[in-house]
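Written out below as structure tokens is the structure these notes cover.
Each chain gets a letter, A, B and so on, in the order the sequences are listed, and its residues count up from 1.
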Protein chains: 2
Amino acid sequence: MATGRTHRPATRSRGIPEATVARLPLYLRALTALSERSVPTVSSEELAAAAGVNSAKLRKDFSYLGSYGTRGVGYDVEYLVYQISRELGLTQDWPVVIVGIGNLGAALANYGGFASRGFRVAALIDADPAMAGKPVAGIPVQHTDELEKIIKDNGVSIGVIATPAGAAQQVSERLIAAGVTSILNFAPTVLSVPEGVDVRKVDLSIELQILAFHEQRKAGEEAAGAGADVSPPPLRGGAATNRKGPDGDVPAVMPA
Amino acid sequence: MATGRTHRPATRSRGIPEATVARLPLYLRALTALSERSVPTVSSEELAAAAGVNSAKLRKDFSYLGSYGTRGVGYDVEYLVYQISRELGLTQDWPVVIVGIGNLGAALANYGGFASRGFRVAALIDADPAMAGKPVAGIPVQHTDELEKIIKDNGVSIGVIATPAGAAQQVSERLIAAGVTSILNFAPTVLSVPEGVDVRKVDLSIELQILAFHEQRKAGEEAAGAGADVSPPPLRGGAATNRKGPDGDVPAVMPA
DNA sequence: ACTTGTGAACAGATTCACAGCC
DNA sequence: GGCTGTGAATCTGTTCACAAGT
């Protein structure tokens with residue numbers, strides 16, 4: 001097995017940190033906006049502001065791609081747009097399929113930013129026979145039975161799952177068996193997939209819960225600042241070790 | 001222990017790492033499923049598998065919340081559901097507004113997982129006067145003019161932005177001015193907000209671009225393993241230092 | 001015997017701060 | 001003078017491995 005070194009940073013300029021990869025699309029968007037306004041060059045400071053990050057981070061990120069700037073001047077906008085696009089693999093067109101054309105699937109199909117940047121909706125797939133043939137966003141919906149054929153005929157390697165949670169795992173298995181190796185999952189489930197398949201998930205309720213956590217904390221600090229006590233009735237003593245409510249403690253959530 | 005120390009880990013059990021917070025909703029979902037199947041206890045190993053993480057990470061995460069397990073046995077499902085819910089602030093109900101009732105906004109409004117877990121759609125808001133009064137997901141859409149009043153009357157602190165990119169910044173400013181302190185942004189823009197306001201973003205095209213990056217890399221490694229050359233025409237020499245195409249290099253993207 | 005809880009080691013990401021080049 | 005590129009320092013997160021508790 002001399003191949004497939006997925007872990008080590010390889011020789012050198014390969015092995016861009018994951019955190020950097022996740023920011024490249026952000027930079028690309030900001031650069032595209034500058035390009036449309038025909039701005040020729042931009043400093044790390046300006047670009048960082050536009051992308052919502054700090055400039056040291058941006059420079060470090062770019063340093064993984066190569067030395068694409070000019071000291072004392074900044075970065076050439078067009079040049080960088082090309083380099084980042086290439087690094088992200090957007091100089092080629094990726095056909096994607098969307099499975100599950102409910103409200104969300106339809107919204108995704110209609111989303112413009114799709115086509116604009118290297119992606120093409122190759123097909124819409126839904127399990128409901130009544131949907132078959134109906135056009136959504138100008139593309140006729142096809143039945144799940146056709147899934148394997150569609151994937152193969154179009155050389156699709158990226159699939160978007162927008163089905164109900166219950167169907168997602170099975171859909172992912174069919175996609176993968178047919179040749180898909182990257183999945184964007186909107187269904188609120190953990191997908192289990194074989195080694196080598198990438199999954200990214202987008203989950204509304206998780207995001208809201210994270211916001212709620214911080215929101216609650218803000219309320220608590222505010223109250224503390226004003227002199228009120230933060231934790232009124234529920235447990236959690238102040239002692240460092242040996243907490244844990246023994247048993248009379250789970251208040252009105254459902255248990256016995 | 002004066003007031004509002006937002007940065008240091010405080011005395012002790014405050015200061016749950018951000019990465020842990022982001023996983024709590026995942027654990028909660030897995031636990032809820034177990035709870036529905038009336039499973040009384042679960043080991044870190046089992047729960048970790050269900051949540052798609054490894055067990056050491058899960059135990060470490062839980063250790064930030066307190067000692068809620070029993071050695072040799074595992075965790076009590078109901079008890080943990082309650083503790084995590086409380087930690088996330090889901091024992092109270094959070095009213096949220098959705099601004100921008102296009103395809104996506106409607107999909108979000110219809111999304112069930114919303115109401116189920118501590119969130120309540122208090123209002124739908126859209127700038128199109130033609131939408132006003134129309135019910136979406138059983139809730140009548142209200143006009144943007146009412147935004148401030150709606151936020152204040154309902155004590156909304158979490159807003160969801162599903163408008164086009166161009167409107168998002170302005171909408172966020174109005175939400176914040178009216179009292180919102182957490183925003184979930186689906187518009188493909190960087191929002192700039194004052195200190196103390198939390199923003200999380202969900203961006204389809206960023207996720208796809210990250211997948212494309214890995215997809216491209218897979219294709220490259222495969223080719224390399226098979227003996228083919230990875231980088232056919234474009235630049236990027238192999239030399240370690242002193243790269244950067246001097247000027248005849250930007251191939252057919254748009255520049256001069 | 002089994003599983004949690006956690007220090008300690010490790011790995012990854014961010015920030016600092018400045019040398020190097022325009 | 002101004003701005004990039006990057007080592008070094010720092011911070012955050014993950015994994016290991018085992019002592020402690022049931």
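A/E87 and A/Q83 form no side-chain donor-acceptor contact under 3.5 Å, judged by distance and modelled atom types alone.
Protein atom CG of A/L58 is 14 Å distant from nucleotide atom C1' of D/dT6, rounded to whole Å. Rounded to an integer number of Å, the gap from A/E18 CD to C/dT14 P is 11 Å. Whole-Å rounding puts the B/D76 CG to C/dT4 P distance at 13 Å. Atom CD1 of B/I16 and atom P of C/dT6 are 14 Å apart (whole Å).
Shown here are the side-chain contact (heavy atoms from CB on, under 4.5 Å) partners of A/V190, two or more places apart in sequence or in another chain: there are none. With sequence neighbours excluded, the residues that form a side-chain contact (heavy atoms from CB on, under 4.5 Å) with B/A48 are B/V53, B/S55, B/L58. Residues passing the side-chain contact (heavy atoms from CB on, under 4.5 Å) test with A/A22 are B/I210, sequence neighbours excluded.
Counting any heavy atom pair closer than 4.0 Å across all strands shown, B/Y75 reaches sugar-phosphate atoms only and no base atom. Residue-level contact check: B/E45 touches neither bases nor backbone, having no heavy atom under 4.0 Å from any strand.
Proximity of B/S44 to the phosphate of C/dT4: a side-chain N or O atom is located under 4.0 Å from OP1 or OP2.
Applying the salt bridge (charged side-chain N to carboxylate O under 4.0 Å, His left out) test to residues at least two apart or on different chains, the pairs with a partner in residues 52-70 of chain B are B/R23-B/D61. Residue pairs meeting the salt bridge (charged side-chain N to carboxylate O under 4.0 Å, His left out) criterion with at least one member in residues 196-211 of chain B, sequence neighbours excluded, are A/R29-B/D203, A/R200-B/E207, A/E207-B/R200, A/K218-B/D198.
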Exercise. For nucleotides 14-20 of chain D, just jot down a letter per nucleotide in 5' to 3' order: B, S or -, based on protein non-hydrogen atoms under 4.0 Å.
Key: SB-B-BB

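Of the candidates D/dT6, D/dT4, C/dA13, the closest approach to any side-chain atom of A/P17 belongs to C/dA13.
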